[in-house]
Every structure is written in C-alpha cells, then in structure tokens.
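Notes follow the structure.
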Amino acid sequence: MNWLKRSVFMLLLLASGTVMAQDAKMKSFVDALMKKMTLTEKLGQLNLPGAGDISTGQAGNSDIAKKITEGKVGGLFNIKSVAKIKEVQKVAIEKSRLKIPLLFGMDVIHGYETVFPIPLGLSCTWDMDLIRQSARIAATEASADGINWTFSPMVDIARDARWGRIAEGNGEDPFLGSAIARAMVTGYQGNDLSKNNTIMSCVKHYAMYGAAEAGRDYNTTDMSHQRMYNDYLPPYKAAVEAGVGSVMASFNEVDGVPATANKWLLTDVLRKQWGFKGFVVTDYTGINEMEVHGIGDLQTVSARALMAGVDMDMVGETLLDYSPKSLKEGKVSMAQIDAACRRILEAKYKLGLFDDPYRYCDENRAKTEIFTNANRATARSIAAQSFVLLKNQNHLLPLQKTGTIALVGPLANSKENMPGTWSVAANFSKATSVLAGLQETVGNQVKILYAKGSNLDADSAFEERAGMFGKGLARDNRPESDIIAEAVNIANQADVVVAVLGESSEMSGESSSRTNIEIPAVQQNLLKALLKTGKPVVLVLFTGRPLVLKWENEQVPAILNVWFGGSEAGYAVSDVLFGAVNPSGKLTTTFPQNVGQVPMYYAHKNTGRKLDDGKWFEKFRSNYLDVSNDPVYPFGYGLSYTSFEYSDVKLSSSTLKGNQTLTASVQVTNTGKLAGKETVQLYIRDIVGSVTRPVKELKGFQKIDLKPGETKTVSFAITPELLKFYNYDLKYDWESGDFDIMIGSSSVDLKKVKLNWVK
Ligand code: BGC
C-alpha cells in the first residue's frame with residue numbers, strides 16, 4: 001500500500017510541478033507583454049464593445065476596425081461566421097501595434113447551430129453525461145465557426161415562474177444546479193482550453209439574479225446571506241471549482257449595491273473565499289446602468305466597478321473612457337488596472353491565441369463540423385429525454401401508428417419557435433416543426449390533418465411582443481370562432497387530437513416576465529372546443545417556465561411538456577408521441593396551482609404554523625383561504641409509459657458517529673410492460689438545527705434503465721459532507737442529531753427512514 005500511496009503522491013507532485021511550470025511560463029510571457037503596453041492598450045484589453053454590423057469582406061472598414069487598430073478592443077461578441085471572425089482577428093494581428101489577438105464570445109447557451117433543449121428542459125434529463133455532451137457539441141460547433149468564449153452556463157436559481165429567464169437556468173435546486181454547472185463547464189472547456197475544439201466558459205449571472213422581486217426582470221434582489229450561501233451561491237461556486245474561465249456579473253443589486261460594483265461579491269466571495277483565478281466581465285452595459293440604479297455618474301460607477309473586481313466592460317466602454325481620469329484623481333489604482341489586464345491576457349494565453357490567433361478560424365472545420373447528422377441525432381435523442389410526461393390517463397400515450405390524427409395549435413407548424421430563447425446561432429429555417437417531424441417519421445402510416453386552431457394570443461400587440469427576433473407566428477386575422485371551427489372540423493374526422501399549445505419561444509427568456517402564467521385564453525378556448533368533440537386529446541405543451549395547468553390537469557387526458565426542444569424538436573416530439581422513446585424527464589421546478597403561490601419550491605421551511613399533512617386549510621395555519629399549499633406538479637415529478645415500484649429504504653446503520661459513510665438503498669422494479677428510465681432521488685431532512693432547516697433537500701440522484709419486470713438496487717453513499725450547511729455565522733458544517741433519509745421518484749413520492757448521527 002505504501003508504494004501505491006508514494007507513487008500517487010509522486011504523480012500529484014509531478015502534475016502540480018507541470019502546472020507550476022506552465023503558470024510560470026505564462027506569467028513571464030504576460031509580464032513581458034505588459035511592459036510594452038501603454039495605459040490605453042491596457043484599458044483596451046478591458047473593453048468588450050458591441051461589434052456593430054460587420055459584413056464579410058468589409059471588416060477592415062467597419063466602425064470597430066479603427067478601435068481595434070488603436071489597441072482599444074479586448075474582444076467582440078455575437079459575430080457569426082468564421083470568415084467574419086477571421087477578418088476581424090486579422091485587423092488585430094496585422095494592424096494593431098502589439099498584435100494582441102481578440103476574444104470572440106457568443107451566447108452559445110444551448111447549442112450552436114445544432115440546438116439542444118432550453119437549459120430548463122435540459123435540466124429535466126437529470127443526466128449529467130447528456131448535459132456535458134450537449135455542451136461538448138456546442139463547443140465543437142462554435143469553435144469551428146470562430147468562437148472561443150461562451151456566455152454559458154447560466155446557473156441562476158429561480159423559484160419564481162413569472163421570471164422569464166427561468167427558461168435559461170436549471171430550475172430551483174442548488175444541488176442539482178451545481179451538478180449541472182460542473183457538467184456544462186467541463187463540457188465546454190474540456191481539460192485543455194488551448195485545443196481548437198474547446199472554448200472558455202462564462203458562468204452567469206453572478207449573483208442571485210434569479211431572485212428578482214415579483215419575477216420582474218432586472219428587479220431588486222434582497223435576501224439573507226444564509227439563504228445566499230445555502231441556496232443561491234452553490235451553483236456559481238461549483239462552476240468556479242470546475243475551473244470556469246470567466247464569470248459574468250449580474251444586472252441586479254445585492255445588499256443595496258449592484259452586483260457590478262459589489263466588492264464583497266466580486267472579490268471577497270469570488271476570489272478570496274472561492275479562489276477564482278479567471279476574469280469577471282460585466283453584463284451588457286452593466287456599468288452604465290449603475291447611473292440609473294443611482295450610485296453615481298459614469299466616472300464614479302466605472303471606478304467602482306473596476307475597484308470592486310470587474311475586469312472587462314461589456315458594451316459600455318466606460319473603463320476605457322473614464323479610467324485615465326479616475327487614475328489621475330486617485331479613484332482607481334494602476335495595480336487594479338494591471339490586475340484586470342493581466343487576467344484578460346491570461347485567458348487569451350490559455351486559449352492558445354498567442355501561439356495561433358487563428359486557432360479557432362479553420363474554415364474547413366466550419367464546413368464539416370457544424371449541424372452534422374451525428375450532432376443532430378444526439379440533439380434529437382437529448383430533446384426526447386428532456387420532455388416531461390405530466391399526465392397520461394388510461395395509457396392514451398404512446399399513440400398507435402395507424403388511423404388519423406388531427407394536429408392542431410398555433411405552435412404545431414412553426415420552425416422558428418422550436419429552438420427556444422437565446423439561440424443566437426440557430427438557423428431557424430433548418431429547424432423541424434412538429435408537423436414536419438410527424439409527417440417525416442410516421443406520415444406514411446398515419447393520416448395527419450392539420451389546422452392552426454387559434455392564434456397565440458387574442459391580443460395582436462402581445463403576440464408581436466412574443467414573436468420578436470423573427471419568431472412570429474403568421475397571425476390569422478379571421479374571427480376566433482372561424483379558426484376554432486376549422487380545427488374542430490378536422491378533430492371530428494380524426495381518431496385522436498394532438499393539440500400543440502402553450503408559450504411561443506419569446507414568451508420566456510430575457511425581459512419576458514409574465515404576471516399571468518397560464519396558457520393564453522384563446523388557446524384554452526380552442527382546447528375546450530377540442531375536448532367537447534369527445535375525441536381523445538393529447539396536449540403537447542411548449543413552455544419556457546412552469547405554467548399554471550390546474551384546469552388542464554383536471555380536463556385533458558394526456559399532457560406532454562416538451563419545453564423548447566431545439567432544432568430537432570419536431571422529430572423528438574414524434575419519437576415520444578409514438579413510443580420510440582419512453583419519456584423520462586422529471587421537473588426541476590415546481591408547477592403551482594396559481595400565480596399567487598409563487599415563489600414556490602419544494603425545499604421550503606416549516607414555519608411555526610405548519611399545516612398538518614393531508615389538510616388544505618386550517619385557521620391560524622400557514623395557508624391560503626382559496627387554494628391548498630400543494631403544487632399541481634411537484635419538483636422531481638414526471639411519468640413514464642411504464643411504472644416503477646420502490647421498496648422501503650434500507651440503511652447500513654441507523655445510528656452513526658463521526659466521519660462514517662452511510663449506505664442508503666432501495667430496490668426499484670419496473671412493474672410495467674415497457675423498458676424505461678427512472679431518476680431515483682435522495683432527499684435528506686435535518687430535523688433540528690441551530691437555524692431552521694428546509695423540510696427536505698435533494699442530496700443525490702441516479703438515473704437507471706430498467707427492462708420490464710427488472711429490479712435494480714440503487715445505493716447512495718452518504719457522508720457528513722452531505723449534511724453540511726451554512727449556519728448563522730455562515731460557517732459550513734454539520735450538526736449532530738436526527739435526520740430523515742428519503743428516497744423516491746419525486747419530491748413528494750418518497751419512502752422515509754430516520755437515523756441519528758452524532759459528531
Ligand atoms: C444578457 C446576458 C448575455 C448578454 C450578451 C445580456 O442582455 O443578460 O445573459 O450574455 O446580454 O448577449
């Protein structure tokens with residue numbers, strides 16, 4: 001054993017020696033370069049201006065070219081095409097004095113041209129390998145087209161379905177959110193940033209952006225530090241631990257100071273507590289906006305941002321414009337400017353740009369590695385696994401591949417609305433609509449009748465706002481009753497109705513908050529008319545947020561939530577509807593009964609006036625007069641075409657002492673007729689604490705495959721590490737006492753055992 005330990009130690013020593021040697025090499029390179037740089041050139045590295053319009057063949061004459069030539073640009077973002085990027089990089093390399101290459105960033109949020117499900121959908125796979133793979137493919141395609149930096153992952157915990165950007169994150173839970181943060185960062189960055197198919201990741205929006213008051217985008221955030229540390233900060237921290245190269249500051253304020261000027265957040269927590277070594281970029285005009293927040297004029301806010309720990313200024317150009325004056329007046333220090341400049345140069349060094357500024361500009365790769373059949377097949381499979389089957393009365397699904405289907409709904413025949421929010425690089429014309437997906441996969445076996453059935457919303461002005469960026473839905477100006485009548489007519493000729501309803505792509509995402517989170521009334525009217533025909537109705541639901549589905553859950557026999565599945569969504573919907581894929585997605589956010597219940601999340605506290613289990617109202621208890629405390633669909637919930645049965649939980653011991661490892665296991669059996677996947681979830685409750693503790697917290701999950709009749713034992717190894725939390729003094733530790741260990745198929749469907757664990 002000793003020799004093994006010694007060899008491992010020697011290997012670690014060697015590895016750390018290599019890292020140290022690489023770091024020293026980078027340091028001396030950057031030192032030498034910085035010695036040659038003027039103040040303007042240093043500030044230029046901190047500048048990430050908007051690219052403006054760069055047409056191929058014209059980069060040298062673009063507005064931005066002059067600035068690049070003067071050494072006033074550190075990077076650009078959201079320019080698409082390797083040809084353009086190469087041209088712009090050439091300006092930096094051939095015309096600027098020091099030939100420092102540029103970073104090229106982009107919002108590659110859930111895929112590049114091959115688009116994967118929106119992140120909220122992706123999180124419902126609970127499959128870290130798939131999520132890593134999606135990021136890997138996104139990085140391969142983006143880097144083949146000139147991009148070396150992505151503004152992803154977005155890991156903001158969100159518990160308020162009104163907030164449109166809930167679509168861009170991984171839901172409400174910090175444990176799952178942290179696992180996904182790690183998977184995404186390693187997917188993008190791999191283990192060597194200098195490879196031409198890995199790109200630098202940027203975790204965002206740091207921090208607490210998802211807790212905007214009233215779910216209104218960019219709104220004030222205010223919460224206790226205990227909640228920050230326990231619930232909101234863990235995913236950002238996980239990204240840092242996974243080696244993320246950059247961090248984006250958020251638009252919101254934290255403790256009364258906008259994140260962009262919040263030194264506690266950007267320096268004390270991020271760098272001193274977590275040891276982050278990369279660079280911090282602002283969000284779009286984040287510095288300028290602090291004037292409106294009301295903490296000073298442009299010079300003041302730019303100085304505050306820099307001194308708080310911002311290294312790069314997105315779009316606003318304030319660091320470039322105001323820092324010389326602030327330096328003279330002693331409002332910023334040269335040391336801080338140098339530190340920021342060094343971090344940007346180090347990022348470029350790690351990406352290998354100083355060795356070869358055109359490393360990510362291989363036109364041949366652009367031709368052969370983007371939107372390939374293999375990538376699309378993976379995206380199709382991942383999309384199908386992100387869908388969540390919410391209801392399936394009498395096994396209405398999967399559908400038989402025979403007879404006639406009436407395909408109805410404003411989202412049934414739209415390519416543009418398949419990729420979902422933030423699909424900057426997507427080519428909408430190449431996406432597959434549900435109608436096309438069905439026609440291509442089963443069209444010769446099934447007769448498909450199609451009618452739009454309704455507009456997205458009765459209000460044309462709303463529909464316009466919800467159809468921006470070329471994602472409109474070709475409004476039908478006939479009276480609502482005529483449009484519905486046409487759909488009812490084809491429904492009457494069909495064996496089954498598939499209603500493709502919900503939100504358009506731009507009804508979630510940035511600046512797309514809603515106070516009414518139901519399916520728009522005009523679509524509900526269509527649904528009611530379809531149900532009246534007496535034909536079986538399947539609701540295929542597009543949405544970027546948890547919706548209020550109380551009525552739909554009561555009335556519609558089958559509901560398949562497909563989020564926004566990406567470029568291959570149409571095929572994936574067909575795969576699941578007809579049973580080629582058995583759905584296995586589980587919700588990562590709670591679906592409330594009405595908007596009045598939000599913010600709503602499973603890991604809540606008990607309060608001193610907890611409502612007894614099984615009751616829905618009692619005077620002087622923490623409840624509502626008009627609705628129970630339950631959600632319509634809880635966190636972790638999702639059905640399958642087969643069924644699973646859980647045994648009781650078995651513990652290796654029910655009394656533990658000190659740093660032991662407990663094994664908790666259950667047997668899961670597939671009791672149905674089809675093979676299926678099940679995500680087995682582990683929750684722990686710390687029954688008594690020095691501060692109040694949530695009623696349960698996710699602490700483990702495993703996704704397993706089970707054939708019909710098959711049983712598998714699923715075991716979780718639990719150490720005191722999993723019991724730790726930030727206490728009143730923000731010390732991260734665990735406390736002796738009793739714990740509930742719960743394992744099951746959702747946050748409410750659990751088998752429970754108790755144990756005692758002392759220090
Ligand atoms: C968003 C960011 C995004 C940035 C650059 C901002 O409006 O908040 O998430 O990365 O724009 O496109």
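Note that the structure is a prediction, hence the values are computed from the model and not measured.
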- Between Y236 and V247, is a side-chain contact (heavy atoms from CB on, under 4.5 Å) present by the stated rule, with each step listed? CA-CA 9 Å; Y236 310 107; V247 170; over 6 Å; no

- Query: Yes or no on side-chain contact (heavy atoms from CB on, under 4.5 Å) for Y188 and M200, after CA distance, side-chain angles and deciding distance?
  - Reply: CA-CA 7 Å; Y188 289 130; M200 187 171 57; over 6 Å; no

- Query: Passes side-chain contact (heavy atoms from CB on, under 4.5 Å), I131 versus F116? Steps please.
  - Reply: CA-CA 9 Å; I131 292 175; F116 296 93; over 6 Å; no

- Item | S505 and F542: CA distance, side-chain angles, deciding distance, side-chain contact (heavy atoms from CB on, under 4.5 Å) verdict | CA-CA 8 Å; S505 165; F542 278 81; over 6 Å; no

- Might you work through the side-chain hydrogen bond (donor to acceptor under 3.5 Å, both in side chains) test for S640 and N582, ending with a clear yes or no? CA-CA 6 Å; S640 162; N582 187 350; 3.2 Å; yes

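Within the 3.5 Å criterion, the main-chain N or O of T421 finds a donor-acceptor partner in the side chain of H110. Not one N or O on the side chain of N47 forms a donor-acceptor pair closer than 3.5 Å with the backbone of L320. The backbone N or O of V315 lies less than 3.5 Å from no partner atom in the side chain of T285, so there is not a single donor-acceptor pair. Proximity of a side-chain donor or acceptor of T282 to a complementary backbone N or O of A249 within less than 3.5 Å is not detected. The backbone N or O of A426 sits nowhere less than 3.5 Å from a side-chain atom of S423 that would complete a donor-acceptor pair. S574 places no side-chain N or O within 3.5 Å of a backbone atom of G570 that could act as its donor or acceptor partner. One N or O on the side chain of S512 and one on the backbone of E510 form a donor-acceptor pair closer than 3.5 Å. Looking only at distances, a side-chain donor or acceptor of S504 sits under 3.5 Å from a matching main-chain atom of A466. Panel note: side chain T198, backbone L193; a donor-acceptor pair is recorded below 3.5 Å. Looking only at distances, no side-chain donor or acceptor of S381 sits under 3.5 Å from a matching main-chain atom of A377.
The CG atom of D127 lies 8.0 Å from the OG atom of S584; values are rounded to the nearest 0.5 Å. Note that CG of L351 is 6.5 Å distant from CG of L103, once rounded to the nearest 0.5 Å. Taken to the nearest 0.5 Å, the CD atom of E87 stands 11.0 Å off from the CD atom of E94. Distance check: R165 CZ to H205 NE2 gives 4.0 Å after rounding to the nearest 0.5 Å. To the nearest 0.5 angstrom, I157 atom CD1 is 6.5 Å from D173 atom CG. Once rounded to the nearest 0.5 Å, the distance linking OH of Y450 with CG of N413 reads 4.5 Å.
Side chains of T543 and E503: a donor-acceptor N/O pair is present below 3.5 angstrom, by distance only. With 3.5 Å as the limit, one finds no donor-acceptor pair spanning the side chains of Y206 and D283.
Contact between P101 and P357 at its shortest, heavy atoms only, is CB-CB, 3.9 Å. Minimum interatomic distance between P49 and V73 (heavy atoms only, all atoms of both residues): CD-CG1, 3.8 Å. The two atoms that bring Q189 and S201 nearest to each other are OE1-N, 3.1 Å, heavy atoms only. Here the closest heavy-atom approach between residue G245 and residue F276 is recorded as O-CZ, 3.8 Å. Taking each heavy atom of G585 and V388 in turn, the nearest pair found is O-CG1, 3.6 Å. Considering every non-hydrogen atom in both A138 and G111, the closest pair reads CB-CA, 3.7 Å.
Applying the salt bridge (charged side-chain N to carboxylate O under 4.0 Å, His left out) rule to K67 yields the partners E317; only residues at least two apart in sequence or on another chain are considered. A search for side chain to side chain contact (heavy atoms under 4.5 Å, CB included) contacts involving P117 returns L122, I382, A383, S386, not counting sequence neighbours. With sequence neighbours excluded, the residues that form a side chain to side chain contact (heavy atoms under 4.5 Å, CB included) with A83 are T56, S81. Remark: K95 engages no residue in a side chain to side chain donor-acceptor pair (under 3.5 Å) (not counting sequence neighbours). In this view, S123 and T588 satisfy the side chain to side chain donor-acceptor pair (under 3.5 Å) rule, not counting sequence neighbours. Under the side chain to side chain contact (heavy atoms under 4.5 Å, CB included) criterion, D107 pairs with N78, I109, F151, K204, W422, V424, not counting sequence neighbours. Qualifying side chain to side chain contact (heavy atoms under 4.5 Å, CB included) partners for D575, counting only residues two or more places apart in sequence or in other chains: R380, A580, V581.
The aromatic rings of F77 and Y284 lie perpendicular to each other, with more than 60° between the two planes, well past the 30° mark. Using bins of under 30°, 30° to 60° and over 60° for the plane-to-plane angle, the ring pair F251/Y209 lands in the perpendicular bin.
Within a 6.0 Å radius of CG in D23, other residues, nucleotides and ligands contribute more than 12 heavy atoms. Within 6.0 Å of CG on N191 lie no more than 12 heavy atoms contributed by other residues, nucleotides or ligands. Counting heavy atoms of neighbouring residues, nucleotides and ligands inside a 6.0 Å radius, atom NZ of K72 does not exceed 12 of them. The neighbour count for Q445 CD, taken as heavy atoms of other residues, nucleotides or ligands under 6.0 Å away, is above 12. Shown here is K703, whose NZ atom has more than 12 heavy atoms of other residues, nucleotides or ligands within 6.0 Å.
Looking at M106 and T150, their side chains never come closer than 4.5 Å, going by heavy atoms from C-beta outward. Between I405 and L577 there is no side-chain heavy-atom pair separated by less than 4.5 Å. You'll find the side chain of P153 reaches within 4.5 Å of the side chain of V185, heavy atoms only.
Within the structure, every pair that satisfies the ring pair (Phe, Tyr, Trp, His ring centres under 6.0 Å) test and touches residues 121-143, not counting sequence neighbours, is listed here: W126-F635, W126-F701. Residue pairs meeting the side-chain hydrogen bond (donor to acceptor under 3.5 Å, both in side chains) criterion with at least one partner in residues 354-363, sequence neighbours excluded, are K86-E363. For residues 136-149, the side-chain hydrogen bond (donor to acceptor under 3.5 Å, both in side chains) pairs, not counting sequence neighbours, are Y112-D145, T114-E141, R136-T140, E141-N375, S143-R365, W149-S246.
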Donor-acceptor pairs under 3.5 angstrom involving side-chain atoms of residues 427-436: please list them, not counting sequence neighbours.
unit_1: N427; atom_1: OD1; unit_2: S429; atom_2: N; d: 3.3
unit_1: N427; atom_1: OD1; unit_2: S429; atom_2: OG; d: 2.8
unit_1: S433; atom_1: OG; unit_2: A436; atom_2: N; d: 3.0

Do any side-chain atoms of residues 340-347 form donor-acceptor pairs under 3.5 angstrom with protein atoms, and if so which ones, sequence neighbours left out?
unit_1: R342; atom_1: NH1; unit_2: D31; atom_2: OD1; d: 3.1
unit_1: R342; atom_1: NH2; unit_2: D31; atom_2: OD1; d: 2.6
unit_1: R343; atom_1: NH1; unit_2: D311; atom_2: OD1; d: 2.7

